[in-house]
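Heads up: the structure comes next, in structure tokens.
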Amino acid sequence: MTNGTKSALVTGITGQDGGHLAQLLHEQGYTVYGLVRGQRNPKKAEVEREYPYVELIEGDLTDATSLFRAVEVANPSEIYNLAAVSHVGYSFDNPSLTADVTGKGVLNLLEAVRLTGRSESTRVYQASTSEMFGGLDYNRPGRGYNEQSLFHPRSPYGVAKLYGHWIARNYRESYGMFVSCGILFNHEGERRGLEFVTRKVTNAVARISLGKQDHIVLGDLWPKRDWGYAGDYVRGMWQMMQHSEPDDFVLATGQTHSIEDFLTLAFAEVGIGDWRPYVQQDPRFMRPAEVDILLGDPTKAETVLGWERYVDFPGLVNLMVMHDLEFERSTSR
Ligand code: NAP
Ligand code: F7E
């Protein structure tokens with residue numbers, strides 16, 4: 001902690017949620033430290049430009065000593081562990097790396113907190129995921145998945161996250177550490193990586209409407225996701241860290257939509273009524289095992305934390321397309 005103000009260490013600072021969270025924590029008066037990896041990470045300059053108040057510390061979730069050092073330097077009252085190999089498709093091609101980063105990386109971080117003597121003074125947020133549920137028929141409750149639902153992950157990513165989830169719970173139970181897990185359903189926005197389907201679509205829609213591109217190539221279009229806005233979800237993470245007890249919370253909208261639904265709304269934003277002529281499909285973007293449908297029940301977070309959402313599904317599509325239109329108009333590529 002610095003001069004009585006709270007300080008936070010955010011892993012995954014260069015990612016979508018890292019940016020939203022850095023902004024929120026800064027607005028709340030925190031000293032914000034961000035873990036950034038690699039000798040020449042191209043996203044480092046982006047963070048320095050967009051969030052100049054973030055103090056960057058070099059480190060990697062697979063390098064335990066770097067995490068010890070980061071925890072010593074930041075001496076944080078709160079740690080948000082957002083770093084991960086987070087792309088489900090990529091995790092099928094790189095399952096071992098995914099296990100090391102997304103799974104064992106959580107253990108490395110928890111050990112850094114415990115072995116530097118901060119078990120009582122540092123609260124930890126673990127970024128768990130709806131991918132742990134798997135979307136299978138037998139495991140799909142009527143009102144959506146909640147904190148009591150069974151886990152059945154369907155990808156190396158989901159399996160690695162489940163290890164991270166349980167080791168986080170184990171440190172809570174074994175050492176009395178304040179470790180909370182947010183089981184977050186898909187959340188998107190203007191900072192979403194272009195490798196995820198929503199941003200891939202909104203960016204292509206913007207480019208197609210400006211004549212820079214003539215079609216988009218996607219995988220399966222029938223899967224359904226419970227899509228919310230990332231800005232709303234990072235506020236939920238912070239609320240979990242302010243709660244009196246460590247616990248697990250689902251953050252979701254309680255509504256689910258297919259990729260076809262997303263395409264319909266996104267193309268309509270630029271006045272295109274029928275998206276089919278602009279969309280091709282390629283098995284390259286299909287997964288060995290798919291999560292058919294995800295629907296979450298955020299009742300606990302709403303009632304216990306008072307968590308609220310301000311952006312609905314049409315609002316999300318609108319803000320992403322508008323952002324990408326503005327961006328694509330400003331560049332010649
Ligand atoms: P993201 O944009 O993909 O960001 C992932 C971050 O992890 C990046 O900053 C990346 O840094 C970092 N990272 C990757 N490997 C690392 C390593 N070995 N050491 C240190 N950092 C590493 O992910 P996001 O959408 O912001 O999601 C944040 C977290 O929530 C992730 O853990 C994700 O799995 C989880 N989650 C996301 C969603 C969602 O819908 N967005 C839902 C549920 C859970 P580089 O820039 O160096 O690659
Ligand atoms: O895929 C289908 C794909 O990669 C969504 C991560 O943040 O949320 C995210 O995981 C759906 C899947 O997100 C393409 O098969 C079709 O059914 O945008 P996505 P995801 O797999 O749901 C969870 C909660 C996380 O925790 C993850 O970290 O869209 N799909 N065509 C495609 N997906 C991609 N990426 N690209 C396509 O061309």
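- Between the side chains of Gln255 and Asp226, not a single donor N or O lies within less than 3.5 Å of an accepting N or O.
- Between the side chains of Arg333 and Thr331, no donor-acceptor pair is found at a separation under 3.5 Å.
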For Leu218 and Phe285, run side-chain contact (heavy atoms from CB on, under 4.5 Å): C-alpha distance rounded to whole Å, both residues' side-chain angles, the deciding distance at 0.1 Å, then the answer.
-> CA-CA 6 Å; Leu218 297 171; Phe285 297 110; 5.7 Å; no
Can Asp247 and Ser180 be said to form a side chain to side chain donor-acceptor pair (under 3.5 Å), step by step?
-> CA-CA 5 Å; Asp247 205 344; Ser180 288; over 6 Å; no
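- The ring of His26 has its center closer than 6.0 angstrom to the ring center of Tyr53.
- A donor-acceptor contact closer than 3.5 angstrom is absent between the side chains of Glu308 and Gln239.
- Side-chain polar atoms of Tyr51 and Glu46 form no donor-acceptor pair below 3.5 angstrom.
- Residues Met237 and Asp17 have side chains in contact (heavy-atom distance under 4.5 Å, counting atoms from C-beta outward).
- Remark: Arg169 engages Asp248 in a salt bridge, criterion side-chain N to carboxylate O under 4.0 Å.
- A centroid separation of 6.0 Å or more is found between the aromatic rings of Trp275 and Phe262.
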Starting from the C-alpha separation in whole Å, work towards a yes-or-no answer on side-chain contact (heavy atoms from CB on, under 4.5 Å) for Gln281 and Val217.
-> CA-CA 5 Å; Gln281 286 179 274; Val217 185; over 6 Å; no
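- A distance of 8.0 Å separates CD in Gln280 from CG in Asp214, rounded to the nearest 0.5 Å.
- Partner of Tyr80 under the side-chain contact (heavy atoms from CB on, under 4.5 Å) criterion, chosen from Thr11, Leu9, Leu25: Leu25.
- Taking the six-membered ring where tryptophan is involved, the planes of Tyr171 and Tyr175 are perpendicular, since the angle between them exceeds 60° and thus also 30°.
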Stepwise side-chain contact (heavy atoms from CB on, under 4.5 Å) check, Arg309 with Leu251 = CA-CA 10 Å; Arg309 295 172 301 285; Leu251 299 186; over 6 Å; no
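- Side-chain rings of Tyr229 and His20 approach one another, their centers coming within less than 6.0 Å.
- Rounding to the nearest 0.5 Å places CH2 of Trp307 at 8.0 Å from CZ of Arg235.
- In this structure, Arg192 satisfies the cation-pi test against Phe196, with its NZ or CZ atom closer than 6.0 Å to the six-membered ring centre and inside 45 degrees of the ring normal.
- A salt bridge does not link Arg207 with Asp324: none of the charged nitrogens is closer than 4.0 Å to a carboxylate oxygen.
- Defined by atom type and a distance below 3.5 Å, a donor-acceptor pair is present between the side-chain atoms of Arg191 and Gln23.
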Could you walk me through whether Tyr90 and Tyr157 pass the side-chain contact (heavy atoms from CB on, under 4.5 Å) check?
-> CA-CA 9 Å; Tyr90 181 87; Tyr157 168 75; over 6 Å; no
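- Note on ring orientation: taking the six-membered ring where Trp is involved, the planes of Trp166 and Phe151 are perpendicular (angle over 60°, cut-offs 30° and 60°).
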